[in-house]
Participant: 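Structure provided below as C-alpha cells; questions to follow.
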Amino acid sequence: MGEKAGRRRPGPLAGLLVAVVVAAGCMGGGLDQGEPEQPGPRRNGPAASPGADSTRADGTTSVAEFKQDFSDAVGIAERYWTDRFRASGKQFQPIRRVVPYTRSGEVSCGGEALPRNNAVYCSAGDFIAYDVNWSVGAFRQVGDAFLFYLLGHEYAHGVQVRLGIRYNFTIQQELQADCMAGAYIGDNVRSGTLTLAEGDLDEFREGLLAVGDDPNQPWFAEGSHGTAEQRTDSFFRGYENSLDACGLG
C-alpha cells in the first residue's frame, strides 16, 4: 500500500498479529492527558509530501523502509485533515509530534508510563507515541497497510480532540476513530494518492475481524473498542462512504 506501492503478501500469522497490534494499541481511548518525558524533536510543519519517486514497492523489510512508510502515512494524514478542515472553513493544526520509544516507561501520558507493545494518542501533549521495535516487527510481518491503519486510527483521536468530540463511553470514541481511519484510507485511494495492492482489502477485513473485544466484555466497560463485527463495519463504512458516515457533524 502506498503511492504507487505494491507489497509483499503477508504471512499466515498476519491476522493474528494485527489483532495483537490494534487491541493493545489504543490506551484509554486515545485521550489520556500528559507530555512525553523524553519527547522527540519538534516537527517544523508537516512532513515532506511523499511522491511517486519516493515510495517503493515493498520488496524489503528494512528499518529505513519502515521509517519512510511511517513518514508517508503521517504526511498524508496531515494533508488529508488539513484539506477537510479547510473545506469546512476551519484551520487545521497538525498533531505536534510523533514520538517513538523503545523501553517501557520511557514515555508517560498523564503520569502513567506507557508499556511496550503499544501506540497511543495523548491529548494534553498532543502527540502520538509508539513502541518502535514492536511496530517494526508488525511491519515486517503484516506490511505497510498496518502502518496506515494504525496511524490513521490514532490520528483520528487527535482530530476528535480538535473537534471537541468526547463521548460518554470508550466504545463510541473507538468505533468513530475506526470509521475515520477508513475514510482517511478510502478517500486517498479514490483520489489516487494511495494505491491498494491485490489482497489489501481482504487483509484489512481479516485483521479487523481479529481485533474485536472479548465477547464477554461489556460494551460500556472502560477501554472497550467494539466487537469484531462493529469494528469491521465502522472501518468499511468510512472506507466506502467517507466522513459523512462517521457522525462528525
Side-chain angles (χ1 to χ4, degrees), residues 1-27 30 36-43 47-48 50 54-78 95-109 113-122 125 127-158 177 181 184-185 188 194-197 199-200 203-204 206-208 210-211:
M1 182 174 183
E3 294 184 275
K4 292 181 65 177
R7 62 182 182 84
R8 63 194 176 281
R9 295 293 298 152
L13 295 180
L16 176 61
L17 185 51
V18 171
V20 174
V21 165
V22 182
C26 202
M27 188 169 134
E37 292 178 347
Q38 298 180 9
R42 182 179 297 274
R43 294 169 56 84
S54 67
T55 305
R56 310 141 318 286
D58 287 352
T60 64
T61 56
S62 68
V63 172
E65 185 181 43
F66 168 85
K67 289 180 179 178
Q68 183 63 59
D69 281 341
F70 203 92
S71 177
D72 287 356
V74 173
I76 291 170
E78 290 181 355
I95 289 175
R96 288 172 60 194
R97 55 187 178 267
V98 179
V99 184
Y101 65 93
T102 60
R103 301 184 308 276
S104 178
E106 183 178 352
V107 175
S108 68
C109 189
L114 298 184
R116 293 180 60 196
N117 305 334
N118 198 31
V120 64
Y121 169 72
C122 196
F127 65 89
I128 292 171
Y130 67 98
D131 179 338
V132 65
N133 293 326
W134 165 72
S135 299
V136 169
F139 167 73
R140 286 173 169 164
Q141 178 64 52
V142 182
D144 55 357
F146 152 71
L147 297 181
F148 281 83
Y149 171 75
L150 178 65
L151 188 282
H153 180 95
E154 297 304 336
Y155 215 99
H157 284 312
Y184 151 69
I185 294 172
N188 277 294
L194 292 173
T195 301
L196 295 183
D200 275 340
E203 181 181 316
F204 282 128
E206 290 170 6
L208 285 159
V211 301

Participant: Mind listing the closest non-hydrogen atom pair of Gly105 and Ala113 along with its distance?
Facilitator: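 Of all heavy-atom pairs spanning Gly105 and Ala113, the closest is CA-CB, 3.5 Å.
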Participant: Is there a side-chain contact between Asp131 and Tyr101 (heavy atoms, below 4.5 Å)?
Facilitator: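 In short, these two side chains touch, coming nearer than 4.5 Å.
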Participant: What are the two closest heavy atoms between Gly152 and Ala181, and how far apart are they?
Facilitator: C-CB, 3.7 Å
Participant: Nearest 0.5 Å please: distance from the CG atom of Leu151 over to the CD1 atom of Ile76.
Facilitator: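 Separation between the atoms: 9.5 Å.
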Participant: For the residue pair His153 and His157, categorise the inter-ring angle as parallel (less than 30°), tilted (30 to 60°) or perpendicular (more than 60°).
Facilitator: perpendicular
Participant: Return the CG to OG distance between Leu114 and Ser104, rounded to the nearest 0.5 Å.
Facilitator: 8.5 Å
Participant: I'd like to know if the side chain of Tyr155 and the backbone of Ala73 have a donor-acceptor N/O pair within less than 3.5 Å.
Facilitator: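 A pair under 3.5 Å: no.
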Participant: Check step by step if side-chain contact (heavy atoms from CB on, under 4.5 Å) holds for Phe127 and Arg96.
Facilitator: CA-CA 6 Å; Phe127 65 89; Arg96 288 172 60 194; 5.7 Å; no
Participant: So, for Asp69 and Phe139, which heavy atoms are closest and what is the spacing to 0.1 Å?
Facilitator: OD2-CE1, 3.4 Å
Participant: Please step through side-chain contact (heavy atoms from CB on, under 4.5 Å) for the pair Tyr130 and Asn118, ending with a clear verdict.
Facilitator: CA-CA 6 Å; Tyr130 67 98; Asn118 198 31; over 6 Å; no
Participant: Rounded to the nearest 0.5 Å, what's the gap from CZ on Phe148 to CG on Asp200? Could you check?
Facilitator: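 One finds 10.5 Å between CZ of Phe148 and CG of Asp200.
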Participant: Measure across Arg103 and Arg116 and return the closest heavy-atom pair with its distance rounded to 0.1 Å.
Facilitator: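 Of all heavy-atom pairs spanning Arg103 and Arg116, the closest is C-CG, 4.2 Å.
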Participant: CZ of Phe66 to CZ of Arg140: how many Å apart, nearest 0.5 Å?
Facilitator: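 Answer rounded to 0.5 Å: 9.5 Å.
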Participant: Can you tell me how far OG of Ser71 sits from CG of Leu147, rounded to the nearest 0.5 angstrom?
Facilitator: 11.5 Å
